[in-house]
Structure formats: structure tokens, C-alpha cells
Amino acid sequence: FLKSVILKPQKIMSLNNIDLEKIVKEFAPICKKYSHTLDGPSELRTIHIFEMYLMCRICNKPHLQKLLEL
């Protein structure tokens with residue numbers, strides 16, 4: 001599920017809160033552990049676009065923002 005949302009970040013805007021929380025919980029450890037080890041500009045660009053969509057979607061949800069803090 002996370003992979004499909006990363007590849008099409010527009011899907012984040014239509015997720016319900018339960019699915020959004022699942023995405024954040026699944027993405028947080030990956031983001032913290034591997035954010036500096038990706039090996040290509042296209043991977044980094046894809047992840048950064050996904051992060052921008054995600055941050056816009058969780059801007060009013062401090063408990064989810066806290067999970068993503070590095």
C-alpha cells in the first residue's frame with residue numbers, strides 16, 4: 001500500500017484518517033532509517049514529492065507529525 005501511494009502521491013489527498021495514520025506509521029521508520037542512503041536522484045525526487053503531499057495532508061494532525069520528526 002505504501003509503495004503505491006509513494007508512486008502516486010495524489011492518492012494521499014483522498015485517504016481517510018485511518019489509512020493516513022497507517023501510511024505515516026509505516027513510512028516513519030523507513031524515512032528515519034534510510035533517508036540518507038537512497039542511491040539516485042529519481043528515487044530522492046519521488047520520496048520528496050511524496051513527503052510534500054504527506055506533510056500537506058497531516059498539517060492539522062500533530063500526533064502524526066510527531067511520528068515523522070527526525
Side-chain angles (χ1 to χ4, degrees):
F1 185 56
L2 177 63
K3 182 179 177 181
S4 70
V5 176
I6 288 174
L7 295 175
K8 295 193 179 200
Q10 302 86 353
K11 289 182 178 182
I12 287 180
M13 298 310 195
S14 62
L15 292 178
N16 62 34
N17 289 334
I18 294 169
D19 287 338
L20 184 62
E21 188 168 346
K22 287 179 189 176
I23 288 290
V24 170
K25 286 181 178 179
E26 189 175 346
F27 182 66
I30 294 169
C31 180
K32 291 174 184 175
K33 187 172 183 181
Y34 298 109
S35 65
H36 301 293
T37 60
L38 295 174
D39 66 339
S42 65
E43 286 179 348
L44 290 173
R45 183 179 58 239
T46 302
I47 297 292
H48 286 301
I49 290 170
F50 168 74
E51 285 179 319
M52 287 189 314
Y53 274 93
L54 185 61
M55 295 310 290
C56 288
R57 184 70 166 82
I58 65 171
C59 68
N60 294 332
K61 297 170 178 48
H63 67 285
L64 295 179
Q65 288 177 345
K66 197 168 212 60
L67 291 173
L68 289 178
E69 290 178 357
L70 297 175

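Atoms considered below: every heavy atom in the structure, side chains included; atoms not considered: hydrogens, waters and symmetry mates. These numbers come from a predicted model, not from an experiment.
Under the rule for a side-chain hydrogen bond (donor to acceptor under 3.5 Å, both in side chains), Lys11 has no partner lying at least two apart in sequence or in another chain. Qualifying side chain to side chain contact (heavy atoms under 4.5 Å, CB included) partners for Leu2, counting only residues two or more places apart in sequence or in other chains: Ile6, Ile23, Glu26, Phe27, Ile30, Phe50.
Contact record, Asp19 with Asn16: N-OD1, 2.8 Å, taken as the closest heavy-atom pair. Among all heavy-atom pairs drawn from Ala28 and Leu67, the shortest one is CB-O, 3.4 Å.
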Can you give each donor-acceptor pair under 3.5 Å made by side-chain atoms of residues 54-64, sequence neighbours left out, with the distance rounded to 0.1 Å?
| residue | atom | partner | partner atom | Å |
| --- | --- | --- | --- | --- |
| Arg57 | NE | Ile12 | O | 3.1 |
| Arg57 | NH2 | Leu15 | O | 2.2 |

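Here the CD-CD1 distance, from Glu51 to Ile49, works out to 11.0 Å after rounding to the nearest 0.5 Å. With rounding to the nearest 0.5 Å, the separation of OH in Tyr53 from CE in Met13 is 6.5 Å.
Following chains of ILVMFWY side-chain contacts shorter than 4.5 Å, one can reach Ile47 starting from Phe1, so the two form part of one hydrophobic cluster.
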